[in-house]
Each structure stands twice: as structure tokens, then as C-alpha cells.
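Below is one structure, written out as C-alpha cells; the observations come after it.
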Protein chains: 2
Amino acid sequence: MKKKSVTSREVAQLAGVSQSAVSRCFSPKASISKKTRDKVLEAARQLGYRPNTIARSLITRSSRTIAVVVSQLDNPFYALTLAKASEYFQAEGYHLLLFLVSDDGNTEGVMSEILESQAEGILMLAASLATPFAQECVDRSIPVVMINRTVDSAGVSQVSSDNYHGGHWAGRYLVAQGHSRIAFLNGLPTSSTGAYRRLGFLDALALEGVSCWAEECGDYRFDKASEATRRLFAKSPYPDAIFAANDHMAIAVIETLRSEFGLRVPEDVSVIGFDDTPVASWPSFHLTTVRQPREEMVATASRLLLEQIREGQLSPVQLTLPVVPVIRSSVRGAV
Amino acid sequence: MKKKSVTSREVAQLAGVSQSAVSRCFSPKASISKKTRDKVLEAARQLGYRPNTIARSLITRSSRTIAVVVSQLDNPFYALTLAKASEYFQAEGYHLLLFLVSDDGNTEGVMSEILESQAEGILMLAASLATPFAQECVDRSIPVVMINRTVDSAGVSQVSSDNYHGGHWAGRYLVAQGHSRIAFLNGLPTSSTGAYRRLGFLDALALEGVSCWAEECGDYRFDKASEATRRLFAKSPYPDAIFAANDHMAIAVIETLRSEFGLRVPEDVSVIGFDDTPVASWPSFHLTTVRQPREEMVATASRLLLEQIREGQLSPVQLTLPVVPVIRSSVRGAV
DNA sequence: CTGTTAGCGCTTTCAG
DNA sequence: CTGAAAGCGCTAACAG
């Protein structure tokens, strides 16, 4: 039933030329006379010929494919990042092989598939990489660039925003606005991103002589963050400020405080997020947050990956891009 | 610089067997003795051998790859749908080749790439398909399933929710709640989805003897929907109810009404959306909406695509899945 | 069960 | 500029 696809040989036959002539017509840099090219293109059109990328990849040893591993696609930050990456690589003639993994979990199964898929590079979006796989990528000289996650393995490039200083700013700012019962809502306990935000935050508090009032974990998820909020506000005195490790959770905090505790933001409780996703700027929330340079991060990561593919293994780099505090009105006393 | 990858021949040599024996070790259904299998696997392990999927695809004529074309990834509805599709196909041993297109625009360039990529099936998510390409897919017997978009071409399968009746319900409900100045906020003028929601809506109003107060277009985008809202409420008397073609825009309407016009929902204006995305249920909005059976839609579409791939072109089907009204409190007089 | 033998559809020397 | 020939790494008959 499956219709046999048209091959270059059939085109050659119809055009009355050799099969290699047909091939040359579809290779940008090959030299061919206008006359034969026209004959070939006409025959190709008649037959509905399209070059078979798989066969081409086999011989050129280049699949022009990037594997992208994403977790948390429900977070608009990563959905938008993926969209940007796709745009970038499409423009460069690369295709994206998409692998979604649940949070930080089993990249295991997926990594084998990637390695067998002959992808020329791997982009990791908010997903972590087990060390043996990182090593195998290095061994096969397949470049890997991670966005917003680190791995303790040399050979892998990493692009992150300055999570530490973002957290640091949040801590300083909350103290400066006169808060004293300041809580932290972490994301995934295993994510390096959250760890750095937390570290910067705690260091800032310590510097100001304030200790962290409470800590909870929301797994970067809306519902988990709501539950964490309930725990934080179960007994009085409750926190007067919360720094959430991302906007998604910060919004959950605000929603829960308002609807379940009748508390106002920022009059009763101040909230700071991280990312600056579109939702943060909605009037209902007007969330003070730490902006990650999303587009710059993905552009940098993509460029890096492409460079490493082209130069056949550039030395890996770790980049940290600056974050920008965005002061809106979810913290009391804001201008 | 690129390290030569290990081939099955090298493994065969080390294991002291033929190259085909190695191949058989990595084909599930091939028969091979435990002894040789062990020898081969050990040799493979030592060398770090991984079968080359590209070479395999070339000979089996099956890439085990699905091309998925998505637009509007910034809409959580589609991000979640994509996530589900990925889960489904990954479980079935298929890989997803991701193509993002801007709204309904140029699928043109992308379709050529897909056809050349040897994908075995095409999943279209909120993206439309130019007729000649649809025809070419049929000619090559590459199954295509579209989710939430239709194309006037036979041979393409389509899974949609019952947009017409969803719109119809919205219209009836708004009239039943006593509204008389009811406006419609459309999505993309070119999308069939929006067209059906509109049609059902207008038919319902007509049935009740009410005419549509005003119509605007928000392109399914947040900012455009805000602008449309401003136009709708620029002069009095303004609408007392709005049906937006999706939740994303409905939320934008609510935000704009509250922050810029000081209007309350539902006391001053009622709002209905479409989709039932997570945001709709946030306490700040508590949006009355029409739920699309998202998971069922994507499961159905994926299953369909897989069936058609396996049976080598099943006759295409058009499925319409029922929607469910979700009554919350963004329409006045709700229970 | 295993090795030998043909290719899959294409790119790429290498002569002409 | 063009054709012939040699594979890319693997699977799939086909004998043994």
C-alpha cells in the first residue's frame, strides 16, 4: 500500500542524465551546467521528487538535527524558550528532535535514544543530565548546552542567569522594605537553579542580620506551591514576606493568600517571584520579580551549540547572564 | 576532530562473529543464541557501540519519526497538548520532530522540510495546511491528523472539539442570564476553530432574538485582546457581556476591564472563555468557560495517526469531541 | 542459529 | 562539466 517513493535514479532516467547529476542539482555547492540542471529540475517536478534526507545524512554523517530535552513545558517560561530555540535552529537549517522529561527525573531512557538518533547537538532546557551520559556525549564529541541547570561534569556548556544575585537582591529588597518574617519557597530540591537562588537569598538575609523565617518546597508547580502556602500560613505569626523561586509559584502564593486567607498583597504579605513571565505583569498580580534574560539566554545557548557543532568541539563554557530586578507592586512600600 | 563512531562491523570483529549477528542482537524479533548474544553485548559495551538509527531507517524505510507542527505555543492549551503528544509517542517508540510556525502563516517552507525528513506521520496542532501540501501528503501516503483546525481537503484526518455547540451554549447562556448587549471577541480570522465558535454563538443569539452587539478580533493574543477590549468599551453604552474565542483572550478582557475601566466581572460585565486552561480556574478569574477535552483530543489524534501509519493509510476520519460548559462565576447570576 | 550477500538512496572522489 | 564506481552503517533474505 505504501507508495514507493521517487528516487534520484528515476529522475536521472527521465532526464536522461546520470544519477550523480541529479544529486548535484540538490547540493548547493556542486557545479552543474544550467542546461542539465533545468532538465533535471523539470523531471524532478514531474515525478514529485524530494531528496531523502536520511540517505543524505548517512553519507554526510550529519543529521542536521538537534535534540532538545525539556521539562516543565507547562511553565510559560520554558514554552517561550523552546519557541525561541526552534525559531533559531529552523533559521539555521537544523531540525529539532523533541524530548520531554518529567521534571528532573529519568533522562536515562531518553538519553540513549538521543545518542542513537545521531543528533549533532543537545540542548537541555531545565533538565539535568546524569554524569555518565554527559561523559558519553563528551566521548562522542556531541556538544551539549544546558540552559538553567548545571551538571558537575566538565565538557558540558551551561548558560544560566545569575540566580545567586537574583536571590540576593530579593533578600536585600525585602529587608529594605522593612520585612522581618521572610519565608522562602523553593522549587525542586534537586535543581541547581533553585539552590543558587536560595543561597543568594539566605546570604543576603544573613548579611542584614535577619534569619529566614521558614522554608517550604513547591516543586515549581502551582498546586504544590498552594499547598506550601497553606502550611506557611497555618499558624500565626505568619510570614510577612515570601520569596518564591519562580513566578509560577509566586502567583500560586498570591492566589492562595487572597482566596483562602483573605490576605492582601502587598498590604499584609509581600511576594517576590523569579523569571518575569508574562503573567507577572498582569494587573491582577503586578508581581515584583527578578527578570531572567530569556531571549538572550536561549540565543546565547543556541549560538554556542551551533559553534561547537561546526568547530567540532569547542572548549565548553559556563556563562552566567545578569538578571534585572523588576519592581512592581507586590512588595509593600514600592515606589 | 569528530571522533569516528563505532560500527557494528567493529563490534563483530571484537566479538569474533559476523556483522549480521551484531545486527540481530539489536533487533528485538531476530533469533540469536544466548552465547553469541552475550559475546556481542560485551564487545558492544567495551566499545561503547550504539546502533545508528539513520542507517536503520534507510533500509527499513521507517524513520519512527512524527513531525509535529505547532503554532501558538505561548498558549498553555497547546503547550500542554504538545506535552501529552510527546508522552504518547515516546511511549510508542516514536520521536517527535518539532516545527513551530507563526500562527496560521507560512507552513509552506516547513512542509517541504517535513516531506524531505521522511517523517512517517504529521500532527498539526492549531496550524493549518495549504491544500497542495495536503494533497502531496496523500499522494505519498503520509498520514496527517489535525487537531483543532480543518482543511478543505479530503485525505486528512481531523480531531476537533465541538466548537459550534460550545459557541452555541455560550450564546444561550448569556441570554439566559439576562444579557442583551453581547459582544464576540474572535481569534484569528482565518482559523476554522474560531469561525465555528462564532457561528454557533451567533446562531444561538439569533434563536433567542438577540443580535450581536459588537464583534472584534483579538488574534488569540493577549495584547490584541486587550486592545480589542478598549475599542469595545470606548463608547457607552458598552457591552454587558463578552464571549471570547479562547480563555487566553477572556483573561485579557477581564484584566483590561478591571484595571483600565474599573469595571467588575461579573457585576458590570460578564465574560465567557473557551478551553478551560488552568488559568481559568484561578480564584482571581474563576472564569466560566467551555472546556475542550484536551487530553482526549490529543490521545485520539495520536492513536489515529499511529493506526494510519501502521495500516498504511486508513481512510481519514473527521472527529468532533463534545465540549463541556464549566460554570464558574464570571457570568452574573451564576448559581 | 549463523555467515554471506545484496542493497536502502544518496554523496563524493576520480577519470574522462 | 559529467558519468562511473565506491561506499555510509545497517537489515533482510538466503543458504548452510
Side-chain angles (χ1 to χ4, degrees), chain A residues 2-41 43-44 47-65 93 113 115-120 140, chain B residues 2-41 43-44 47-65 93 113 115-120 140:
Chain A
K2 195 100 183 195
K3 214 161 291 173
K4 211 171 95 328
S5 59
V6 202
T7 70
S8 59
R9 202 189 307 293
E10 300 175 57
V11 176
Q13 206 154 27
L14 178 59
V17 298
S18 77
Q19 182 268 332
S20 24
V22 177
S23 170
R24 284 193 265 260
C25 273
F26 293 90
S27 311
K29 57 192 196 318
S31 58
I32 190 153
S33 76
K34 184 178 182 333
K35 205 168 64 185
T36 38
R37 142 176 259 111
D38 287 347
K39 273 194 301 188
V40 168
L41 289 181
L47 268 45
Y49 169 73
R50 289 191 183 276
N52 181 329
T53 313
I54 291 190
R56 173 180 291 165
S57 298
L58 184 59
I59 194 160
T60 59
R61 284 108 192 299
S62 98
S63 62
R64 295 197 75 80
T65 285
E113 294 187 30
L115 262 8
E116 291 172 14
S117 77
Q118 308 301 114
E120 295 182 37
R140 294 168 183 267
Chain B
K2 195 100 182 195
K3 214 162 289 172
K4 209 170 94 341
S5 59
V6 293
T7 70
S8 59
R9 202 193 303 296
E10 299 174 57
V11 176
Q13 204 153 28
L14 178 60
V17 298
S18 78
Q19 182 267 330
S20 28
V22 177
S23 170
R24 283 192 265 260
C25 274
F26 294 90
S27 310
K29 57 191 198 318
S31 57
I32 191 152
S33 75
K34 185 182 180 334
K35 205 167 67 185
T36 36
R37 143 176 259 110
D38 287 346
K39 273 196 301 190
V40 169
L41 289 182
L47 268 48
Y49 169 74
R50 289 192 183 276
N52 182 329
T53 313
I54 292 190
R56 173 180 292 164
S57 301
L58 184 58
I59 195 161
T60 59
R61 283 107 192 301
S62 99
S63 61
R64 296 198 75 81
T65 286
E113 295 187 29
L115 263 9
E116 290 173 13
S117 77
Q118 308 300 115
E120 294 183 37
R140 295 168 183 265

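Everything numeric in this text was worked out from a predicted model, so none of it was measured. Scope of the values below: all heavy atoms of this structure, side chains included, with no hydrogens, waters or symmetry mates. The sequence lines fix the lettering, A, B, ..., with proteins before strands; numbering per chain opens at 1.
- Phosphate proximity of C:dC10 to A:Ser23: absent, as no side-chain N or O sits under 4.0 Å from OP1 or OP2.
- Using a 4.0 Å heavy-atom cutoff across all strands shown, A:Lys29 reaches sugar-phosphate atoms only and no base atom.
- Between the NZ atom of B:Lys35 and the P atom of C:dT2 there is a distance of 8 Å, rounded to whole Å.
- Going from atom CD1 of B:Ile54 over to atom P of C:dC10 covers 14 Å, rounded to whole Å.
- Between A:Ser20 and C:dT11 there is no side-chain polar atom (N or O) within less than 4.0 angstrom of OP1 or OP2.
- Counting heavy atoms of neighbouring residues, nucleotides and ligands inside a 6.0 Å radius, atom CD of B:Gln13 does not exceed 12 of them.
- Minimum heavy-atom separation, B:Ser8 to B:Gln19: OG-NE2, 3.0 Å.
- Nearest nucleotide to the side chain of A:Asn52, out of D:dC10, D:dA4, C:dC10: C:dC10.
- Taking atom CZ on A:Arg24 and atom C1' on C:dC14, their separation rounds to 11 Å, with Å as the unit.
- The shortest distance between the side-chain N/O atoms of B:Ser8 and the OP1/OP2 oxygens of D:dC10 is below 4.0 Å.
- Both B:Ser33 and B:Ile59 lie close to DNA chain C; mapped to their nearest nucleotides by heavy-atom distance, the more 5′-ward contact belongs to B:Ser33.
- Not one side-chain nitrogen or oxygen of A:Arg61 sits closer than 4.0 Å to the OP1 or OP2 atom of D:dC8.
- With rounding to whole Å, A:Arg56 atom CZ is found 16 Å from C:dC8 atom C1'.
- Look at B:Ser18 and you'll find a side-chain N or O under 4.0 angstrom from OP1 or OP2 of C:dG3.
- Residue contacts for A:Val22: at a heavy-atom cut-off of 4.0 Å it reaches no nucleic acid atom on any strand shown.
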